[in-house]
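Have a look at the structure below, then the notes.
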Amino acid sequence: MIWAEIIVYSVFVYLAIGVLFALWFVVFGITKLDDSAKGTSIGFRFLIFFGAIPFWFLLAKRLLKGEKRPTEQNAHRRRAEK
Amino acid sequence: MSEKYVAISWNRQKKIYDALLWSGVAVYLLLFIGLGSFLQPNATIETLIIRGFGTCAILLLHIVLIIGPLCRISPKFLPLLYNRRHLGVTTFLIGAVHAVFSIIQFHALGTINPIVSILVSNTKFNSIADFPFQILGLIALIILFLMAVTSHDFWLNNLTAPIWKTLHTLVYVAYALLIGHVALGVLQSETSPILAILLGIGLVLVVGLHLISAFKETDLDKEIVSVDEFVEACTVAEIPEKRACIRTISGERVAIFKYDGKISAVSNVCQHQNGPLGEGKIGDDGCITCPWHGFQYLPETGASPPPFTEKVPTFNVKIEDGKVFVKAKPNKAGTRVEPAKI
Ligand code: HEM
Ligand code: FES
């Protein structure tokens, strides 16, 4: 019983931080990460809000490292760069 | 495309898709709950809601899972793929209603936290007949939730492709957990064997279609290797006008297009979500349109028309004796290549 409580309440704490982060992120942080998010609607930001709650840690990490959105690699793109 | 994000880029096709989806869901739920209250007068409305939404969600999940292989088997099914993400989000929402009602019904009356209650109220992990099947449902619901909230393109771009892909491959884990959830759950309630039989048929369908489509694709993935700079790919005659022929060169598929007496080759992999460009057509605007979500590229440059900025690698091509030769080494994404004249 005690293990289940520890797991569930830790997840709640993680998600509670996520809600606070997500509120800040969809209003301010999002445009620092992705230029295509500049000037986007409330509807778009509302959708992103829910994903920013569980993934706040990753987003915060990318923001702190100053990373921008990458282009996905594949065999052709890698060989073309050589 | 990726100029500026919008919440949902609605068009006629998506509206029809969603209208059909939601009316289908509504009809199913009304029929299930309506007929259920006739056929099982002892069942409470809560029980009917739990069962109606649960079975609806698992049905939707089957559709989500078979769309991918169906499209690989025949392009006729592509319209189903077009808005699959709304199908996925709907599956999560319907599954969530089932879960919330189950939690209220079975876990909300005690003094302990309802989620803790799901985890501890039954711990007979070594029993098949009394297995804590609800924990399986809970984990599956968490996976469906994570997928639903990251289904916007923003997440594909910013979560980075490896994480996003891993996350969306977890749908198979969720499916396995739900098979367990339903099979073990049915064992514990006295519902008829119909559900178990349908579930078995569904499982055979999902696994079978995946095997068939994987088998069909192995031919395409046979890599053409050659000691020459240019490799012989296909004949001009076998490419249909305004369409492509797909061959694997340099570790990935290449789409070789024929249009207006010209041949151009680009990497087959759409920058959006890796859709197969070679299964798309060249339209009147002269652009290759990706069959999955409609991103466009010019065949000569591999670049999207402005203001869009997507680019895929291009390949030098030449024609000799009616045969198309493709240079094995790709050019950097967006490099203009003179098309070969037929
Ligand atoms: C926290 C998550 C979940 C909980 C607590 C939960 C709970 C339950 C319970 C108590 C039953 C037995 C109902 C009955 O026979 O009266 C059940 C059955 C079922 N569940 Fe779930 N579930 C969860 C998630 C899911 C999800 C995500 C799906 C599908 C996507 C799902 C699909 C089903 C199906 C198809 C049945 C069989 C319905 C029937 O008995 O006729 N469940 N679940
Ligand atoms: S994969 Fe989405 S448009 Fe090509």
Side-chain angles (χ1 to χ4, degrees), chain A residues 1-12 14-15 18 22 25-26 29-63 65 67-82, chain B residues 1-8 89 112-120 123 142 145-146 148-165 167 248-254 266-269 271-274 309-315 328-333 335:
Chain A
M1 169 110 186
I2 189 77
W3 59 268
E5 285 188 326
I6 291 173
I7 295 174
V8 171
Y9 289 118
S10 312
V11 171
F12 282 0
Y14 176 85
L15 293 179
F25 181 75
V26 296
I30 194 166
T31 53
K32 296 194 178 77
L33 205 60
D34 190 332
D35 292 335
S36 297
K38 288 190 177 127
T40 44
S41 67
I42 293 185
F44 165 72
R45 305 207 178 199
F46 177 76
L47 288 186
I48 299 307
F49 174 73
F50 297 100
I53 299 171
F55 290 102
W56 71 266
F57 194 75
L58 266 158
L59 294 173
K61 210 171 84 183
R62 288 182 65 75
L63 274 170
K65 283 197 194 158
E67 284 171 335
K68 286 274 184 182
R69 65 185 247 205
T71 301
E72 193 185 341
Q73 286 302 310
N74 62 38
H76 284 167
R77 287 181 192 274
R78 272 190 298 272
R79 267 207 81 179
E81 291 298 327
K82 266 186 212 150
Chain B
M1 291 183 263
S2 79
E3 198 201 2
K4 188 164 123 181
Y5 293 118
V6 290
I8 303 171
V89 174
I112 51 173
N113 174 299
I115 309 290
V116 175
S117 163
I118 296 180
L119 297 178
V120 299
T123 50
I142 293 171
F145 165 75
L146 293 176
V149 295
T150 55
S151 58
H152 195 283
D153 274 356
F154 170 84
W155 293 107
L156 177 61
N157 293 332
N158 288 288
L159 222 47
T160 69
I163 297 179
W164 193 86
K165 266 189 208 149
L167 194 61
T248 300
I249 300 167
S250 286
E252 186 58 80
R253 293 179 193 172
V254 179
V266 300
S267 180
N268 189 50
V269 190
Q271 190 178 331
H272 178 222
Q273 285 185 19
N274 302 339
T309 54
E310 281 75 18
K311 293 186 195 87
V312 295
T314 54
F315 290 81
K329 186 169 174 0
N331 302 310
K332 281 204 178 103
T335 309

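Below, each value reflects all heavy atoms present in this structure, side chains not excepted, and no hydrogens, waters or symmetry copies. Residue numbering restarts at 1 for every chain, and letters A, B, ... go by the order of the sequence lines.
Here B:N274 is the residue among B:N274, B:L156, B:V269 with the most heavy-atom pairs under 4.5 Å with chain A. In terms of heavy-atom pairs under 4.5 angstrom with chain B, the leader among A:T40, A:V8, A:I48 is A:I48. Between chain A and the options B:T123, B:N113, B:L146, B:L159, the largest number of non-hydrogen pairs under 4.5 Å is found for B:N113. Options A:Y9, A:F46, A:F49 differ in how many heavy-atom pairs under 4.5 Å they form with chain B, and the most are formed by A:Y9. Of the listed residues (B:A328, B:A333, B:S250), the one with the most heavy-atom contacts under 4.5 Å to chain A is B:S250. Highest contact tally toward chain B, considering only A:G51, A:A52, A:G43, A:S41, is held by A:G51 [criterion: heavy-atom pairs under 4.5 Å]. Contact count versus chain A (heavy atoms, under 4.5 Å) is highest, among B:A148, B:S267, B:A7, for B:A7.
Residues B:V254 and B:N268 form no side-chain contact, since every pair of their non-hydrogen atoms from C-beta on lies 4.5 Å or further apart. Between A:F25 and A:L59 the shortest side-chain heavy-atom distance falls below 4.5 Å. When side chains are defined from C-beta on, B:I8 does not count as touching A:F44, because their heavy atoms never get closer than 4.5 Å.
B:W155 places a side-chain N or O within 3.5 Å of a backbone atom of B:V149 that can act as its donor or acceptor partner. Counting only distance, with no hydrogens or angles, the side chain of B:H152 and the backbone of B:V6 share a donor-acceptor pair below 3.5 Å.
Taking NZ of A:K32 as the reference point, atom NZ of A:K38 lies at 10.5 Å (rounded to 0.5 Å). To the nearest 0.5 Å, atoms NZ (B:K311) and OG1 (B:T335) are separated by 9.5 Å.
Closest of all the heavy-atom pairs between A:A4 and B:V116 is CB-CG1, 4.1 Å.
With a 4.5 Å cut-off on non-hydrogen atoms, B:I249 touches chain A through its backbone but not through its side chain. With a threshold of 4.5 angstrom between heavy atoms, B:T150 approaches chain A through side-chain atoms but not through N, CA, C or O. With a 4.5 angstrom heavy-atom cutoff, B:I163 touches chain A only via side-chain atoms. Residue A:R77 touches chain B through both its backbone and its side chain, counting heavy-atom pairs closer than 4.5 Å. Contact annotation for B:L167: only side-chain heavy atoms (C-beta onward) come within less than 4.5 Å of a heavy atom of chain A. Contact of B:N331 with chain A is made through the backbone alone, with heavy-atom distances under 4.5 Å. Only the side chain of A:F55 comes within contact range of chain B, with at least one heavy atom under 4.5 Å from a heavy atom of that chain.
For the residue pair B:R253/B:T248, the side-chain donor-acceptor check at 3.5 Å is not satisfied.
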